[in-house]
Amino acid sequence: MRLQTKTCLITGGGAGIGAATAKIFRQEGAKVYVVDANAGEGVDFAGDVADPSLAEEFLKKVEKLDVLVCNAAMRNYSALADATPEEWQKVVAVNLLGAANYVRAALPLLRKSGKGSIVLVSSVYGVAGRKGMGLYDATKAGLLAMARTLAHEEAAHGIRANAVCPGSTLTDFHINKARAAGKDVEKLKRERDDTSLIGRWAAPEEVAWPILWLASDEASFITGATLMVDGGLSIK
């Protein structure tokens, strides 16, 4: 019961890593609010994280808050040479400004907590390079800087801010995408055999557990950190 008595809000919590985190947080005693672009089971607030007015509206309905997890993200597959300003604006609006919207709206409540924790879900590719997803990776790198700055600015208010960098994580998004393309799921799983030292995809829960730890009081002396949850991909 690491989060007993704590209230948490998770953006992008309707599926994948966010849904796994919400489930584990509840198992650990937390009251959890889930924000997701898609309304559905387990989603308390449905809306685009890029809309700052919705962030303010949703947080007004939350009486107390101890933990904020910013997980919402969108992907883009354009090469940097081809990416349009409109594509950049869409990705930045969700991946970077989406987190900023919820941090800003949540800070008054987190400050009242006295022991608030912010966890920004970045990506291994915010640290390591690759081709084909430069817009996504640039925004994920921005989250690392955001976490460090928040750690400096909010320490006086008892708030810790950290970032988690997942590696290849087998979520419903990847499975559904493979099926839509007519690809065998077992073949999909084998495609990441050589992308980490551990030699496989992570399950969403394997990223959710480190998020839980950073959110909990067990990580009370950890702030401004970047935690690689990537099976060793970043040092390969």
Side-chain angles (χ1 to χ4, degrees), residues 9-19 21 34-39 43 45-59 68-107 118-153 161-169 171-174 176-178 180-181 192 195 207 211 224 226-230 233-234:
L9 186 144
I10 302 170
T11 70
I17 292 170
T21 301
V34 169
V35 177
D36 200 86
N38 301 305
V43 175
F45 306 122
D48 186 352
V49 295
D51 186 338
S53 64
L54 283 181
E56 296 288 346
E57 177 185 330
F58 295 160
L59 266 297
L68 172 67
V69 178
C70 293
N71 175 68
M74 68 171 289
R75 293 171 172 83
N76 179 288
Y77 301 96
S78 294
L80 292 180
D82 304 320
T84 66
E86 291 76 19
E87 287 179 295
W88 272 105
Q89 289 164 6
K90 287 180 180 179
V91 177
V92 170
V94 172
N95 294 4
L96 197 55
L97 294 180
N101 290 337
Y102 279 82
V103 166
R104 182 178 60 251
L107 278 175
I118 298 171
V119 183
L120 305 181
V121 181
S122 178
S123 167
V124 61
Y125 293 109
V127 176
R130 61 176 166 176
K131 63 181 180 180
M133 288 188 71
L135 282 67
Y136 177 90
D137 297 347
T139 56
K140 290 298 187 176
L143 290 176
L144 303 181
M146 188 185 296
R148 291 190 292 267
T149 301
L150 282 168
H152 278 282
E153 293 180 350
N162 296 287
V164 167
C165 289
S168 301
T169 307
T171 64
D172 289 340
F173 171 85
H174 294 98
N176 293 336
K177 183 180 176 184
R192 300 300 175 99
T195 59
V207 181
I211 294 172
T226 297
L227 178 59
M228 306 307 296
V229 189
D230 65 349
L233 189 158
S234 56

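Values reported hereafter were calculated over all heavy atoms of this structure, with side chains retained and with hydrogens, waters and symmetry mates removed.
- Note: Arg148 CZ to Leu120 CG = 11.0 Å, rounded to the nearest 0.5 Å.
- Side-chain contact check for Val121 versus Pro166: some heavy-atom pair is nearer than 4.5 Å.
- Summarising the geometry of Ala141 relative to Gly126, their closest heavy-atom pair is CB-O, 3.5 Å, with the distance given to 0.1 Å.
- The two atoms that bring Lys90 and Met74 nearest to each other are O-SD, 3.4 Å, heavy atoms only.
- Proximity of a side-chain donor or acceptor of Thr169 to a complementary backbone N or O of Gly167 within less than 3.5 Å is detected.
- Side-chain contact between Asn95 and Leu143 is absent, with no heavy atoms from C-beta onward closer than 4.5 Å.
- A 4.5 Å side-chain heavy-atom check between Val43 and Asn38 finds every atom pair outside the cut-off.
- To the nearest 0.5 angstrom, Asp48 atom CG is 11.0 Å from Thr11 atom OG1.
- The heavy-atom pair separating Ser234 from Val124 by the smallest distance is CB-CG2, 3.9 Å.
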Audit row: Val103, Leu150, side chain to side chain contact (heavy atoms under 4.5 Å, CB included) steps and yes/no:
CA-CA 9 Å; Val103 166; Leu150 282 168; 3.7 Å; yes

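- Counting only distance, with no hydrogens or angles, the side chain of Ser122 and the backbone of Val164 share no donor-acceptor pair below 3.5 Å.
- For the pair Asp51/Glu57, no side-chain contact is recorded, criterion being any heavy-atom separation below 4.5 Å from C-beta on.
- Atom CG in Leu144 sits 4.5 Å away from atom OG1 in Thr226 (nearest 0.5 Å).
- Proximity of Asn101 to Val49: side-chain heavy atoms (C-beta onward) are nowhere separated by under 4.5 Å.
- Taking CG from Leu233 and OG from Ser123, the interatomic distance works out to 9.0 Å, rounded to the nearest 0.5 Å.
- Inter-residue side-chain proximity for Ile17 and Ile211 is flagged as met; some heavy-atom pair is nearer than 4.5 Å.
- Counting heavy atoms from C-beta on, the side chains of Tyr102 and Leu59 come closer than 4.5 Å.
- To the nearest 0.5 Å, the span separating CE on Met146 from CG on Leu97 amounts to 7.5 Å.
- Side-chain atoms of Asn162 come within 3.5 Å of backbone N or O of Gly224 as a donor-acceptor pair.
- Checked by atom type and distance alone, the side chain of Lys140 never pairs as donor or acceptor with a backbone atom of Val127 at under 3.5 Å.
- In this pair, Phe58 and Phe45 present their aromatic rings parallel. The plane angle is below 30°, not in the 30 to 60° band.
- For Ala105 against Ala55, the heavy-atom pair with the smallest separation is CB-O, 3.8 Å.
- Side-chain contact between Asp82 and Tyr77 is absent, with no heavy atoms from C-beta onward closer than 4.5 Å.
- Minimum heavy-atom separation, Ser168 to Thr195: OG-OG1, 3.7 Å.
- Separating the CG atom in Leu80 from the CG atom in Leu135 is a distance of 6.0 Å, to the nearest 0.5 Å.
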